[in-house]
Amino acid sequence: MSASAENDQTVESARRSLAARLKAAGRDAAELDARLLVGAALGLDLTGMVTGARRILTKDEADRLEGLARRRLAGEPVARILGIKEFWGLPLHLSAATLVPRSDTETVVERALELLRADGAIERALRIADLGTGSGAILLALLSELPHAHGFATDISADALQTASRNAAELGLGARATWIECDYGSGLTGAFDLIVSNPPYIPSADIAGLDIEVRAHDPRAALDGGADGLDAYRALISQSAGLLMPSGFLVVEVGQGQSGDVEALMTASGLSPTGPPKADLGGVPRAVSARRLPR
């Protein structure tokens, strides 16, 4: 029985019922998703859900929750339904033009900070570029950790840049970020201490086989890496080699099995890999880095 057909559901029974439906449909993190969706439908945080657990839902609330439930059961990610996703502890608004930030991408932030710390550069007035910024996730995470840095974020989508700019403003980081509509680094000038990117890297033929949450809801332009998944790297690595200052770093996210090819592209562009790729929590080599050596 759907939630909208019941008129005696409590907050707690609605949460349990939705979790069971999501679990039966094979949705991951069913309990968490149910809590988030009930909270969104009823305008309650976790404390409100606990203290109001026995409150009976109104018909409008039950109908609203059922609408959200059907979207999730159809494969729409919770982050899309809510319009917001946390990354590096920062709440980020999403739009149709942006990827949903994923925890794997935090590996890029971790590697970048490791390199800067080892170089004694954390407190410097760094110039950072994020190529293909989307929601601004990587750049804003770095700016939150680097108090004297200024970031330059590029994207071919004006809508994505508008979303990223909103995120920066709401996080109090807007004064240290500049937004540029262009293809990767094509619209940038000057020298950068650090360039980061999470470009599209899925081979075109593989997109149809991705989970529905990705293939049907993430923008294809942010997924499709061309026939071999490496088109974006060919463009942005060569651009970055000319934009990095001597001893500057490039850190990029890669897909499974791509780290060797991306390192080869970096070497061919005159950059020097900075050790083995950093693995994500699943053990997949995820962040590949290199630096421009002084001449």
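In this text, all values refer to a predicted model and were calculated from it rather than measured experimentally.
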> Tell me, do F249 and T274 make a side-chain contact under 4.5 Å, heavy atoms counted?
Replying inline: yes
> Would the number of heavy atoms belonging to other residues, nucleotides or ligands and lying under 6.0 Å from CZ of R27 be above 12?
Replying inline: yes
> With a 4.0 Å cut-off, would you call D193 and R292 a salt bridge?
Replying inline: no
>> Can a side-chain donor-acceptor contact be found between T10 and R54 if the only test is distance below 3.5 angstrom?
In response: no
> Is any side-chain heavy atom of V196 less than 4.5 Å from a side-chain heavy atom of V109?
Replying inline: no
> Can we say K59 and D63 salt-bridge, meaning some charged N sits less than 4.0 Å from an Asp/Glu carboxylate O?
Replying inline: yes
> Above 12 or not: heavy atoms from other molecules or residues under 6.0 Å from CG of L281?
Replying inline: no
> Any Lys/Arg nitrogen of R117 or E114 sitting under 4.0 Å from an Asp/Glu carboxylate oxygen of the other?
Replying inline: no
> Is it true that the side chains of W88 and E145 contain a donor and an acceptor less than 3.5 Å apart?
Replying inline: yes
>> Can a side-chain donor-acceptor contact be found between S95 and T163 if the only test is distance below 3.5 angstrom?
In response: yes
>> Strictly by salt bridge (charged side-chain N to carboxylate O under 4.0 Å, His left out), give each pair with a member in residues 167-180 just once, sequence neighbours left out.
In response: R166-E170
> Among side-chain atoms of H150 and T178, is any donor-acceptor pair under 3.5 angstrom?
Replying inline: yes
> Do the side chains of L68 and L18 get nearer than 4.5 Å, heavy atoms only?
Replying inline: no
> Should we count NZ of K278 as having more than 12 external heavy atoms under 6.0 Å?
Replying inline: yes
> Are Y184 and I195 connected, step by step, through hydrophobic side chains (Ile, Leu, Val, Met, Phe, Trp, Tyr) whose heavy atoms are closer than 4.5 Å?
Replying inline: yes
> Does CG in D45 sit with more than 12 non-hydrogen atoms of other residues, nucleotides or ligands closer than 6.0 Å?
Replying inline: yes
> Do NZ/NE/NH1/NH2 and the carboxylate oxygens of E31 and K23 come within less than 4.0 Å?
Replying inline: no
> So, do V214 and P77 sit near enough that their side-chain heavy atoms are less than 4.5 Å apart?
Replying inline: no
> Side-chain contact, heavy-atom cut-off 4.5 Å: N198 with V252?
Replying inline: no
>> Counting C-beta onward and ignoring hydrogens, is there a side-chain heavy-atom pair between V11 and E61 closer than 4.5 Å?
In response: no
Can you list, pair by pair, the side-chain donor-acceptor contacts under 3.5 Å of residues 199-211, counting residues two or more places apart and other chains?
| residue | atom | partner | partner atom | Å |
| --- | --- | --- | --- | --- |
| Y201 | OH | E253 | OE2 | 2.8 |
| Y201 | OH | R286 | NH1 | 3.2 |
| S204 | OG | D224 | OD1 | 2.6 |
| S204 | OG | D224 | OD2 | 3.4 |
| S204 | OG | G226 | O | 3.3 |
| D211 | OD1 | E213 | N | 2.8 |

>> Is any side-chain heavy atom of E181 closer than 4.5 Å to one of I156?
In response: no
> Does D130 have any side-chain hydrogen bond (donor to acceptor under 3.5 Å, both in side chains) partners at least two apart in sequence or in another chain, and if so, which?
Replying inline: T133
>> Check this for me, if you would: do R70 and E76 make a salt bridge, where the nitrogen-to-carboxylate-oxygen distance has to be below 4.0 angstrom?
In response: no
> Are P147 and E123 close enough that some pair of their side-chain heavy atoms sits under 4.5 Å apart?
Replying inline: yes
